[in-house]
Amino acid sequence: MLFKRKSTKTTIELDKSLMPKHVAIIMDGNGRWAKKKNMPVSFGHSQGVKRIEDVVKVAIDGGIESVSVYAFSTENWRRSSDEVDHLLKLIFKFYESKAKELYANGVKIKFPGSETNVPQNVLDLFAKMEEESKDFTNLTLNICFNYGARQELVDSVNKFIESNPGEPITEQAIGENLYDGLTNEIDLLIRTSGEQRLSNFMLWQLSYSEFVFTDVLWPDFDQESFKKCLEVYASRNRRFGGR
């Protein structure tokens, strides 16, 4: 069993030997959660940021090495200017309110994604957080921002060609030139809110991943919700193409 249940309530204890090494999460449902409460979408995004804390705590306790979250896609620029502006401001609020606590818990932070269209002050903040946390080893938190899997593959191929003119492109070459922090394959993908699609996320890294979809909206995705997804993962038999 992955979890040993305590006698009180439904608290789940983790068995580190059965934990995935790298978990990816599509954090979906902020808007619907806010709408249910007759609040603006921005309120849902603000509450959703808080759930990252729960994921990080469970991941560290369980010995998970990396967590990659889909924070902002290359397609999200199409949303209203008010929503985009709020999401950009949330990055600065995240730094002010959460960075020190993450650092204290040994969390290395990376921001994989394309720099195209991203304001310079945001890029500067990304670089600042990556520099401040570069030596931490308890967990790597990849906050995928302005990320699109198709663009990542294009960028990877172009990066390799530029560095190795005339050399053949191989699977290894593509894998080694993916965005920093995303060169390892994903063991488990979780998508919240009941949707069951990839939405241009980690197409290369998810080739042999286990998928778990939950109806829980992201702002309600607490520690127990995450542990239940890990329990499903542990019950599966990963054969990687074998029998």
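Just so you know, these numbers come straight off a predicted model, no measurement behind them. Numbering starts at 1 and runs along the sequence shown.
Summarising the geometry, atom CG belonging to Leu87 is positioned 9.0 Å from atom OG belonging to Ser42; distances are rounded to the nearest 0.5 Å. Considering OH of Tyr70 and CG of Leu198, their distance stands at 9.5 Å, rounded to 0.5 Å. The CG atom of Asn164 lies 10.0 Å from the CD1 atom of Ile169; values are rounded to the nearest 0.5 Å. Going from atom OG of Ser207 over to atom CD1 of Ile186 covers 10.5 Å, rounded to the nearest 0.5 Å. Distance check, rounded to the nearest 0.5 Å: CD of Gln196 to CZ of Phe211 gives 11.0 Å. For the atom pair NZ of Lys108 and CZ of Phe136, the computed distance is 10.0 Å after rounding to the nearest 0.5 Å.
By the 4.0 Å N-to-carboxylate-O rule, Lys57 lies too far from Asp54 to be salt-bridged with it. Taking a cutoff of 4.0 Å between a charged side-chain nitrogen and a carboxylate oxygen, Lys227 and Glu231 do not qualify as a salt bridge. For Asp222 and Arg51, the salt-bridge test fails: no basic side-chain N is under 4.0 Å from an acidic carboxylate O. Between Lys93 and Glu96 there is no salt bridge, since no side-chain nitrogen of the basic residue lies less than 4.0 Å from a carboxylate oxygen of the acidic one. Under the 4.0 Å criterion applied to side-chain N and carboxylate O atoms, Lys50 and Glu53 are not assigned as salt-bridge partners.
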(Q) Run Arg79 and Glu83 through salt bridge (charged side-chain N to carboxylate O under 4.0 Å, His left out) and show every step you take. (A) CA-CA 7 Å; Arg79 296 187 178 186; Glu83 184 174 355; 2.9 Å; yes
Q.
side-chain contact (heavy atoms from CB on, under 4.5 Å), that's the test. Do Lys98 and Ile52 meet it? Break it down for me.
A. CA-CA 10 Å; Lys98 307 298 180 185; Ile52 294 177; over 6 Å; no
Q | Verdict with supporting geometry, Thr74 and Arg150, side-chain hydrogen bond (donor to acceptor under 3.5 Å, both in side chains) | A | CA-CA 10 Å; Thr74 51; Arg150 290 179 177 178; over 6 Å; no
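Asn138 places a side-chain N or O within donor-acceptor distance of the main-chain N or O of Asn105, the cut-off being under 3.5 Å. No donor-acceptor distance shorter than 3.5 angstrom exists from the side chain of Ser66 to the backbone of His22, with no hydrogens or angles considered. Judged purely by atom type and a 3.5 angstrom limit, Ser73 has no side-chain atom pairing as donor or acceptor with the backbone of Gly148. The backbone N or O of Asp155 sits nowhere less than 3.5 Å from a side-chain atom of Asn158 that would complete a donor-acceptor pair.
Counting only heavy atoms from C-beta outward, the side chains of Val56 and Leu102 approach each other to under 4.5 Å. Counting heavy atoms from C-beta on, the side chains of Tyr103 and Ile109 come closer than 4.5 Å. In this structure the side chain of His45 reaches within 4.5 angstrom of the side chain of Leu90, judged on heavy atoms. A 4.5 Å side-chain heavy-atom check between Lys110 and Met129 finds every atom pair outside the cut-off.
Partner of Phe111 under the ring pair (Phe, Tyr, Trp, His ring centres under 6.0 Å) criterion, chosen from Phe72, Phe94, Phe126: Phe126. A side-chain contact (heavy atoms from CB on, under 4.5 Å) with Ile64 holds for exactly one of Ile60, Asp61, Val67; it is Val67.
Residues in residues 151-175 take part in no ring-ring contact (aromatic ring centres under 6.0 Å, His included) pair, two or more places apart or across chains.
Taking a 6.0 Å sphere around CD of Glu195, one finds it holds more than 12 heavy atoms contributed by other residues, nucleotides or ligands.
Tyr179 and Val69 fall into different hydrophobic clusters, where Ile, Leu, Val, Met, Phe, Trp and Tyr are joined by side-chain heavy atoms under 4.5 Å apart, directly or via other members. Grouping the Ile, Leu, Val, Met, Phe, Trp and Tyr side chains by contacts below 4.5 angstrom, directly or via other members, places Phe201 apart from Ile190. Residues Ile26 and Leu182 fall within the same hydrophobic cluster, defined by Ile, Leu, Val, Met, Phe, Trp and Tyr side chains chained together at heavy-atom separations under 4.5 Å. Tracing side-chain contacts under 4.5 Å through hydrophobic residues (I, L, V, M, F, W, Y), one reaches Leu230 starting from Val232; they form part of the same cluster. Linking ILVMFWY residues whenever their side-chain heavy atoms come closer than 4.5 Å, directly or via other members, places Val212 and Met19 in the same cluster.
When all heavy atoms are compared, the tightest approach of Phe226 to Ala59 is CE2-N, 4.2 Å. The two residues Phe221 and Thr214 come nearest to each other via the heavy atoms CE1-CG2, 4.0 Å. Of all the heavy atoms in Gly44 and Trp33, the pair that sits closest is CA-CE3, 3.9 Å. When all heavy atoms of Val107 and Ser133 are compared, the closest pair comes out as O-CB, 3.5 Å. Smallest separation of non-hydrogen atoms from Arg32 and Ser193: NH2-OG, 2.9 Å. Pairing each heavy atom of Asn30 with each of Gly48, the nearest pair is OD1-CA, 3.9 Å.
Listed by chain and number, the residues in a side chain to side chain contact (heavy atoms under 4.5 Å, CB included) with Glu65 are Lys21 (sequence neighbours excluded). Evaluation of the salt bridge (Lys or Arg N to Asp or Glu O under 4.0 Å) rule for Arg236 yields Glu210 as partners, not counting sequence neighbours. Applying the side-chain hydrogen bond (donor to acceptor under 3.5 Å, both in side chains) rule to Glu176 yields the partners Gln172; only residues at least two apart in sequence or on another chain are considered.
For the residue pair Glu185/Tyr208, the side-chain donor-acceptor check at 3.5 Å is not satisfied. A donor-acceptor pair shorter than 3.5 Å can be found between the side chains of His86 and Ser46. Glu75 and Asn200 form a side-chain donor-acceptor contact under 3.5 Å, judged by distance and modelled atom types alone. Between the side chains of Ser17 and Asp15, a donor-acceptor pair is found at a separation under 3.5 Å. Side-chain contact check for Glu132 and Tyr95: at least one donor-acceptor pair (N or O, by modelled atom type) lies under 3.5 Å.
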Please report, to 0.1 Å, the donor-acceptor pairs under 3.5 Å made by any side chain of residues 140-147, with sequence neighbours excluded.
unit_1, atom_1, unit_2, atom_2, d
Asn142, ND2, Ser68, OG, 3.0
Asn142, ND2, Gly181, O, 3.1
Asn146, OD1, Trp77, NE1, 2.7
Asn146, ND2, Ser114, O, 2.8
Asn146, ND2, Thr116, O, 2.6
Tyr147, OH, Glu152, OE1, 2.5
Tyr147, OH, Met202, N, 3.2

Side-chain donor-acceptor pairs of residues 117-124 under 3.5 Å, sequence neighbours excluded:
unit_1, atom_1, unit_2, atom_2, d
Gln120, NE2, Asp124, OD1, 2.8

